Amino acid sequence: MKILVGLGTPGIQYEWTRHNVGFRVVDRLAETYHLTLSHRRFSSLYGIGWVDSEKVIVAKPMTFMNRSGEAVQKVLHFFDLGIEDLVVIHDDLDLPFGTLRVKRRGGDGGHQGVRSIIESTGENTFPRLKIGIGRPPRGMEAAKHVLNPFDAVERSQLDKLLSESVETLTLLLREGLTKVMNQYNKKME
């Protein structure tokens with residue numbers, strides 16, 4: 001079983017911000033595979049179901065972004081799963097909008113949610129699907145950029161980006177991390 005965790009911040013005011021693209025991907029994945037995110041436990045909203053032949057838990061931590069690790073640790077512990085069973089989906093400022101990257105391990109790259117997961121689990125070896133949201137315009141702080149909604153041009157491309165993200169996760173579950181990294185990361189360079 002795999003745990004697919006989309007990072008974001010709960011609350012209607014954050015729903016369509018760039019920082020919540022991880023939540024949007026989990027929502028699209030749930031919609032695509034008829035999973036219901038109806039359980040509230042472990043400081044998360046989650047559901048259990050199947051993506052092709054892989055049993056999965058899909059989760060959205062209901063903590064604020066910088067405390068995502070608390071929720072992830074609770075889910076891992078309850079289901080007795082290891083860090084190798086975790087896939088984290090999150091936004092990335094350093095990638096142009098619409099770019100997808102799959103990573104096997106690494107640091108937090110300045111992302112508070114990823115940092116929280118690393119601190120809570122003591123591990124940085126979990127796979128990630130990084131979704132490019134682009135750098136802020138000149139003179140705008142990064143924190144303000146990530147908490148702003150997507151602009152009109154980005155919104156027009158968001159549906160395609162969410163679908164591509166679900167395809168990438170499906171391929172990761174079906175074919176494995178190495179194959180997806182070879183296929184996707186090469187295609188994106």
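Every value quoted in this text rests on a predicted model; they were computed, and no experiment measured them. Numbers here are sequence positions counted from 1. FYI, side chains are in, hydrogens and waters are out, and symmetry mates aren't considered; it's all heavy atoms of this structure.
When Asp108, Leu7, Leu76 are each tested for a side chain to side chain contact (heavy atoms under 4.5 Å, CB included) with Ile117, only one passes: Leu7. Under the side chain to side chain contact (heavy atoms under 4.5 Å, CB included) rule, Phe23 has a single partner from Lys60, Glu15, Arg28, which is Lys60. Evaluated for a side chain to side chain contact (heavy atoms under 4.5 Å, CB included) with Val102, the options Val87, Leu169, Leu172 yield exactly one hit, Leu172. Here the rule is side chain to side chain contact (heavy atoms under 4.5 Å, CB included) with Ile131, and of Leu162, Leu95, Leu161, Thr168 only Leu161 fits it. Checked against Val72 for a side chain to side chain contact (heavy atoms under 4.5 Å, CB included), the options Ile83, Val88, Val5 give a single hit: Val5.
Within the model, atoms NE2 of His77 and CZ of Phe42 stand 9.5 Å from one another, a figure rounded to the nearest 0.5 Å. Once rounded to the nearest 0.5 Å, the distance linking CZ of Arg24 with CD of Glu31 reads 11.0 Å. Note: Asp85 CG to Met1 CE = 8.5 Å, rounded to the nearest 0.5 Å. For the atom pair OH of Tyr46 and CZ of Phe78, the computed distance is 6.0 Å after rounding to the nearest 0.5 Å. Residue Ser38 holds its OG atom at 9.5 Å from CD1 of Ile48, rounded to the nearest 0.5 Å. Taking CD of Glu175 as the start and OG1 of Thr170 as the end, the distance is 11.0 Å to the nearest 0.5 Å.
Across Ser68 and Ser116, no two heavy atoms sit closer than the pair N-OG, 3.4 Å. In terms of heavy-atom proximity, Gly6 sits nearest to Pro61 at O-CD, 3.3 Å. Closest heavy-atom contact between Ala142 and Pro136: CA-CG, 4.0 Å. The two residues Gly107 and Val114 come nearest to each other via the heavy atoms O-CG1, 4.1 Å.
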Does the pair Val166 and Tyr33 meet the rule for a side chain to side chain contact (heavy atoms under 4.5 Å, CB included), with working shown? CA-CA 10 Å; Val166 169; Tyr33 288 100; 4.2 Å; yes

Pair Glu154-Asp151, side chain to side chain contact (heavy atoms under 4.5 Å, CB included): steps then yes or no: CA-CA 5 Å; Glu154 293 166 337; Asp151 65 32; 3.2 Å; yes

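Residues Val56 and Ile89 share a single hydrophobic cluster, defined by chaining ILVMFWY side chains whose heavy atoms lie under 4.5 Å apart. Cluster annotation: Leu93 and Leu158 are assigned to the same hydrophobic cluster (Ile/Leu/Val/Met/Phe/Trp/Tyr, side-chain heavy-atom contacts under 4.5 Å, transitive). Both Val26 and Trp16 are part of a single hydrophobic cluster, where members link through side-chain heavy atoms under 4.5 Å apart. Taken together through direct or relayed side-chain contacts under 4.5 Å among Ile, Leu, Val, Met, Phe, Trp and Tyr, Trp50 and Leu173 form parts of separate hydrophobic clusters. No continuous path of hydrophobic side-chain contacts links Ile57 to Val51 [ILVMFWY only; heavy atoms under 4.5 Å].
A search for ring-ring contact (aromatic ring centres under 6.0 Å, His included) contacts involving Phe97 returns Phe150, not counting sequence neighbours. Residues that satisfy the salt bridge (Lys or Arg N to Asp or Glu O under 4.0 Å) test with Asp94, not counting sequence neighbours, are Arg135. The side-chain contact (heavy atoms from CB on, under 4.5 Å) test applied to Thr178 returns Arg104, Asn182, not counting sequence neighbours. Listed by chain and number, the residues in a side-chain contact (heavy atoms from CB on, under 4.5 Å) with Arg67 are Thr63, Glu70 (sequence neighbours excluded). With sequence neighbours excluded, the residues forming a ring-ring contact (aromatic ring centres under 6.0 Å, His included) with His111 are His19, His90, listed by chain and number. Arg105 meets the salt bridge (Lys or Arg N to Asp or Glu O under 4.0 Å) test with no other residue; sequence neighbours excluded.
Proximity of a side-chain donor or acceptor of Ser163 to a complementary backbone N or O of Asp159 within less than 3.5 Å is detected. At least one donor-acceptor pair closer than 3.5 Å links the side chain of His145 to the backbone N or O of Gly134. Remark: the backbone N or O of Met62 is not paired with any side-chain donor or acceptor of Arg40 at under 3.5 angstrom. Looking at Thr17, its side chain never comes within 3.5 Å of a backbone N or O of Leu147 through a donor-acceptor pair. Remark: side-chain polar atoms of Asn20 are paired, donor with acceptor, to backbone N or O of Tyr14 under 3.5 angstrom. Panel note: side chain Lys103, backbone Phe126; no donor-acceptor pair is recorded below 3.5 Å.
The closest side-chain heavy-atom distance from Glu164 to Leu100 is below 4.5 Å.
Under a cut-off of 6.0 angstrom, the local environment of NE2 in His39 is crowded, with over 12 non-hydrogen atoms contributed by other residues, nucleotides or ligands. More than 12 heavy atoms of other residues, nucleotides or ligands sit less than 6.0 Å from atom CD of Gln13. Residue Asp80 qualifies as open at atom CG: its count of foreign heavy atoms under 6.0 Å is 12 or below.
Side-chain contact, Glu123 with Thr121: no donor N or O sits under 3.5 Å from an acceptor N or O.
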